[in-house]
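Quick note on labels: first sequence line is chain A, next is B, and so on, each numbered from 1.
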There are 2 protein chains.
Amino acid sequence: MKEGPDIARIAALIGDPARANMLTALMSGKALTATELAAEAGVTVQTASSHLSKLDQGGLLAPRKQGRHKYFAIANADVAGVLEGLMGLAAMNGHTRTRTGPKNAALRHARVCYNHLAGDMGIQLYDAMLAQGLLQEFSDEPQLTPQGAAFATDFGIDLTALTRAKAPLCKACLDWSARRTHLAGSLGRALLTQFENLGWAQRDRSTRIVTFTPAGETAFQARFSV
Amino acid sequence: MKEGPDIARIAALIGDPARANMLTALMSGKALTATELAAEAGVTVQTASSHLSKLDQGGLLAPRKQGRHKYFAIANADVAGVLEGLMGLAAMNGHTRTRTGPKNAALRHARVCYNHLAGDMGIQLYDAMLAQGLLQEFSDEPQLTPQGAAFATDFGIDLTALTRAKAPLCKACLDWSARRTHLAGSLGRALLTQFENLGWAQRDRSTRIVTFTPAGETAFQARFSV
DNA sequence: CGAATGCTTCGACTAAGATCGAAGTATGAA
DNA sequence: TTCATACTTCGATCTTAGTCGAAGCATTCG
């Protein structure tokens with residue numbers, strides 16, 4: 001009955017528990033199949049299928065058919081941003097479905113947040129890069145310094161390829177578990193990939209947890225100490 | 001049933017049409033009473049009261065009692081950011097409750113987006129400040145240049161007071177009607193206030209429309225031409 | 001070609017919650 | 001005090017949409 005974009009429709013889309021669980025699972029950045037997402041949300045495949053088609057129609061998901069599988073992923077960075085924002089709001093107001101346990105502790109320690117590293121280690125990475133002068137904050141947004149660029153190249157990251165893309169290189173992302181800033185953007189993404197390539201860490205398929213090997217943990221600590 | 005913040009609860013909060021209308025109305029930055037919001041949403045006061053208490057409990061609103069009135073406002077910038085993000089998503093997918101008409105045209109031309117200027121004129125302001133070297137973009141986030149600081153002071157804005165506050169001075173905000181960037185942050189806010197103080201423009205109480213006087217329009221065009 | 005797997009459609013059931021009338025509380029004015 | 005205004009609470013009704021069983025396509029494999 002009013003003017004303006006129909007914010008209610010897509011908010012309601014995210015507002016269903018089953019759909020929210022699916023979206024949260026997809027925030028790992030990985031594409032998942034309908035059956036996997038059904039398990040993730042705790043519903044049957046029929047129900048999941050109905051939900052997924054609605055999310056797709058709402059433009060929140062980008063489905064991709066591959067043989068008899070259908071993979072779903074978050075549609076774009078805008079959607080991911082809104083979801084992270086909602087997580088922040090929910091965390092701020094204590095509306096967390098607290099299930100404290102080892103799983104949750106691992107999540108708080110190191111996890112994937114739409115393709116970049118979050119959790120305690122994500123925060124440490126960000127703080128260390130600031131302290132070492134690799135990053136600098138301009139009005140709350142991080143900016144890569146010349147030293148930072150040299151470091152990135154030395155670390156095996158192709159900066160020219162990243163800057164060619166339209167996505168911003170550095171972006172601040174607010175962590176919902178600790179309410180602290182960590183590094184997003186294409187550089188944050190490239191760093192996590194590089195951690196994996198170096199054998200320092202490994203992403204878990206569906207839980208968003210990032211597991212560092214003992215050697216990887218020490219190498220990380222040596223390189224990114226505050 | 002899952003770990004993580006309960007994103008569904010607050011998304012569902014925004015997802016009800018009546019509540020979404022209230023929130024959209026409050027995006028003007030002005031505080032409104034329960035009765036005004038009831039009219040805005042097209043429901044009775046009883047219903048509105050129920051909705052408002054839920055929004056309050058969810059931490060999305062900041063109510064303030066004043067005599068026998070109760071004023072509601074958006075709780076904080078985080079909430080406003082999520083709402084703008086949702087508007088962007090909705091607009092992107094064509095989920096607009098299109099009611100094209102003079103009212104909508106005025107909205108597209110100049111409107112308030114959580115206290116700063118948006119619409120065509122907001123975009124023009126941003127582009128002109130970039131072209132004149134008052135702003136510069138670092139990784140998609142605007143930054144005030146020394147010339148920009150001089151201009152702001154000359155324009156009657158107390159920059160030292162703004163920088164003292166914790167809120168970022170400059171921030172990019174994506175317009176949902178045109179998908180273009182305009183200036184948010186405390187500077188964007190101060191500029192709109194200054195436009196009002198100079199008698200260039202006037203905000204409408206409930207529609208978010210910003211009306212420029214003929215003199216104000218020409219003064220604006222003279223100062224902020226690309 | 002079956003057989004098996006992954007996903008979608010259909011239809012019926014159910015539960016959550018939005019809505020409003022009516023009555024109740026609080027503040028301000030006469 | 002009495003009336004009026006602003007808001008909240010209660011209770012009943014009713015619509016919406018989430019859910020799953022069953023059946024139907026589509027794709028791959030033996």
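For the pair A:D16 CG and D:dT16 P, the computed distance is 17 Å after rounding to whole Å. Nucleotide D:dG18 holds its C1' atom 11 Å from the CE atom of A:M22, rounded to whole Å. Atoms CG (B:L37) and C1' (D:dT8) sit 15 Å apart, rounded to a whole Å. Between B:I14 atom CD1 and C:dA18 atom C1' there is a gap of 18 Å when expressed in whole angstrom units. Spacing between atom CZ of A:F72 and atom C1' of C:dG6 amounts to 11 Å, rounded to whole angstrom units. Atom CG of A:L55 is separated from atom C1' of C:dT8 by 16 Å (rounded to the nearest Å). C:dT8 atom C1' lies 14 Å from atom CD of A:Q57, rounded to whole Å. One atom, CG of B:D56, and another, P of D:dT9, lie 11 Å apart when rounded to the nearest Å.
Across A:H69 and A:Y71, no two heavy atoms sit closer than the pair CB-CE1, 3.8 Å.
For A:E217, the salt bridge (charged side-chain N to carboxylate O under 4.0 Å, His left out) test picks out no residue, with sequence neighbours left out.
The residue A:A18 sits close only to the backbone: its heavy atoms come under 4.0 Å of sugar-phosphate atoms, none of a base. Contacts of B:K54 with the nucleic acid, taken as non-hydrogen atoms under 4.0 Å apart, involve only primed sugar atoms and P, OP1 or OP2.
In this structure, a donor-acceptor pair under 3.5 Å is present between the side chains of A:T47 and A:T44. A donor atom on one side chain and an acceptor atom on the other are not found under 3.5 Å apart for B:R189 and B:H116.
At D:dA17, none of the side-chain N or O atoms of A:H51 fall inside 4.0 Å of OP1 or OP2 (strictly under the cut-off). Between B:T44 and C:dT19 there is no side-chain polar atom (N or O) within less than 4.0 angstrom of OP1 or OP2. Taking side-chain N and O atoms only, B:K70 has a distance below 4.0 Å to OP1 or OP2 of D:dT8. For D:dT8, the OP1/OP2 oxygens have a side-chain nitrogen or oxygen of B:S49 closer than 4.0 Å. Within the 4.0 Å cut-off from OP1 or OP2 of D:dA26, not a single side-chain nitrogen or oxygen of A:H69 is found.
Where A:Q46 and A:A12 each meet DNA chain D at their nearest nucleotide, the meeting point lying more 5' is that of A:A12. Closest-nucleotide positions on DNA chain D for A:V43 and A:K65 were compared, and the one nearer the 5' end corresponds to A:V43.
Listed nucleotides: D:dT8, C:dC20, D:dT19. Nearest to the side chain of B:T47: C:dC20.
Note on ring orientation: taking the six-membered ring where Trp is involved, the planes of A:F220 and A:F195 are perpendicular (angle over 60°, cut-offs 30° and 60°).
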